[in-house]
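What follows is one structure encoded as structure tokens, with my remarks underneath.
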Amino acid sequence: MTLSTHSLYVSTFTGKQFYPLAPTPDQIDIEDIAHGLAYQCRFNGQTRHFYSVAQHSLIVADLVPPPLRLAALLHDAAEAYMGDMVKPLKQLFPLFSEIEGKVMSAIGLRYAIGSFDDPAIKRADLIALAMEKRDLMPNSSEPWESLRGIVASPMRIAPMSPQEAKAAFLSAFLAG
């Protein structure tokens, strides 16, 4: 079966058609991103409480210097359109990562973000991951290789509802 770049689309919260195989900046909408991330649980839902990708993004944005906050807030924005695939599965599907990269490029163009790969964002993402493991996954007692040398922030995570996370995400976006 051959797939056309314009035969597969995702219907978004705002009613747009998003084409993951041919993403363009005009398909991107911050309302769709905020909504999609707020209603998606991290770690395939294998957490103590519901904890959204939107809230994760807010934490990462809070851990970087102000000039990087927008890029940090949007560092997982492709997941609003493609879903949040856990890292062990993502490594098995390189095409998924390739498509995700194209989606992130369209998001970067839409919001004038040159790169989401700043080392400060990567480090903040790992600090947030260490916090999440500590606060939301108490039965995951084994060490995670990706967290070697990473210390969780002392701040504790208080999970937000999807509605709270969406509102906070949009507020952070508008604050720049």
Side-chain angles (χ1 to χ4, degrees), residues 10 12-13 28-91 96-97 99-101 103-104 107-108 110-111 113 115-140 142-176:
V10 175
T12 70
F13 178 74
I28 307 296
D29 190 298
I30 195 60
E31 179 90 7
D32 291 327
I33 293 171
H35 188 85
L37 298 183
Y39 281 85
Q40 242 177 107
C41 192
R42 291 260 297 157
F43 308 102
N44 276 351
Q46 303 299 320
T47 54
R48 173 186 285 172
H49 305 284
F50 178 85
Y51 173 72
S52 70
V53 176
Q55 187 173 357
H56 162 80
S57 298
L58 287 161
I59 290 171
V60 174
D62 282 344
L63 293 171
V64 298
L68 295 174
R69 286 199 180 132
L70 183 59
L73 183 70
L74 296 174
H75 81 282
D76 282 337
E79 294 175 13
Y81 300 102
M82 300 183 61
D84 182 12
M85 185 181 291
V86 292
K87 187 173 231 145
L89 285 179
K90 195 181 280 190
Q91 292 172 341
F96 183 90
S97 294
I99 295 167
E100 185 178 51
V103 172
M104 287 303 293
I107 292 166
R110 174 71 173 91
Y111 298 111
I113 297 169
S115 173
F116 297 95
D117 293 329
D118 189 281
I121 295 172
K122 298 289 188 189
R123 181 154 183 80
D125 197 26
L126 290 172
I127 292 168
L129 180 63
M131 294 166 62
E132 293 158 357
K133 183 179 188 302
R134 177 195 66 207
D135 298 346
L136 302 167
M137 304 180 78
N139 297 321
S140 183
E142 79 283 3
W144 290 0
E145 181 63 31
S146 61
L147 294 178
R148 183 183 306 260
I150 301 295
V151 177
S153 165
M155 177 185 79
R156 293 287 174 167
I157 296 172
M160 298 175 171
S161 72
Q163 298 85 356
E164 292 169 322
K166 180 179 177 180
F169 188 96
L170 287 170
S171 178
F173 176 82
L174 291 173

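Note that the numbering runs from 1 along the sequence shown for the chain.
Annotation: side chain of Ile59 is not in contact with side chain of Asp62 (no heavy-atom distance under 4.5 Å). Glu100 places none of its side-chain heavy atoms less than 4.5 Å from the side chain of Met85. Here the side chains of Tyr111 and Ile33 are in contact, with some heavy-atom distance below 4.5 Å. The shortest side-chain heavy-atom distance between Leu136 and Arg42 does not fall under the 4.5 Å cut-off. Counting heavy atoms from C-beta on, the side chains of Ile30 and Leu74 come closer than 4.5 Å. Gln46 has its side chain out of reach of Val86: every pair of non-hydrogen atoms, C-beta onward, lies at least 4.5 Å apart. Contact of the Lys87 side chain with the Trp144 side chain is not registered, since no non-hydrogen atoms from C-beta on lie closer than 4.5 Å. Contact check for Asp76 versus Asp84: no side-chain heavy atoms found under the 4.5 Å cut-off.
Side-chain atoms of Arg123 do not come within 3.5 Å of backbone N or O of Ile150 as any donor-acceptor pair. With His75 contributing its side chain and Ala72 its backbone, the two residues share a donor-acceptor pair below 3.5 Å. Distance alone, capped at 3.5 Å, is enough to place a donor-acceptor pair between the Ser57 side chain and the Val53 backbone. The backbone N or O of Glu31 lies less than 3.5 Å from a partner atom in the side chain of Asp29, making a donor-acceptor pair.
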- Intermediate values then yes/no, side-chain contact (heavy atoms from CB on, under 4.5 Å), Leu58 and Leu73: CA-CA 6 Å; Leu58 287 161; Leu73 183 70; 3.9 Å; yes

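Nearest heavy atom pair, residue Gln55 against residue Ala158, reads NE2-O, 3.0 Å. Shortest non-hydrogen contact noted between Ala71 and Ile113 is CB-CG2, 3.7 Å. The two residues Leu129 and Ser146 have their closest heavy-atom pair at CD2-OG, 3.8 Å. Pairing each heavy atom of Ala124 with each of Val64, the nearest pair is CB-CG1, 3.6 Å. When all heavy atoms of Cys41 and Thr47 are compared, the closest pair comes out as SG-OG1, 3.7 Å. Taking each heavy atom of Arg134 and Ala152 in turn, the nearest pair found is NH1-CB, 3.4 Å.
For Phe43, there are no ring pair (Phe, Tyr, Trp, His ring centres under 6.0 Å) partners, not counting sequence neighbours. Legend: residues meeting ring pair (Phe, Tyr, Trp, His ring centres under 6.0 Å) with Tyr81, ordered by chain and number and at least two apart, are Phe18. Partners of Phe96 by ring pair (Phe, Tyr, Trp, His ring centres under 6.0 Å), not counting sequence neighbours: none found.
To the nearest 0.5 Å, atom CD1 of residue Ile127 and atom CG of residue Leu63 are 5.5 Å apart. Note that the CD atom of Glu79 and the OG atom of Ser52 stand 11.0 Å from one another [nearest 0.5 Å]. Atoms OG and CE, on Ser97 and Met104 in that order, are 12.5 Å from each other to the nearest 0.5 Å. Distance check, rounded to the nearest 0.5 Å: CE of Met160 to CZ of Phe50 gives 12.0 Å. Within the model, atoms CD of Gln40 and NE2 of His35 stand 10.5 Å from one another, a figure rounded to the nearest 0.5 Å. Taken from CG in Asp135 to NE2 in His49, the straight-line distance is 9.5 Å, to the nearest 0.5 Å.
The ring of Tyr39 has its center no closer than 6.0 angstrom to the ring center of Phe13.
For the residue pair Glu142 and Ser140, a side-chain donor N or O sits within less than 3.5 Å of a side-chain acceptor on the partner.
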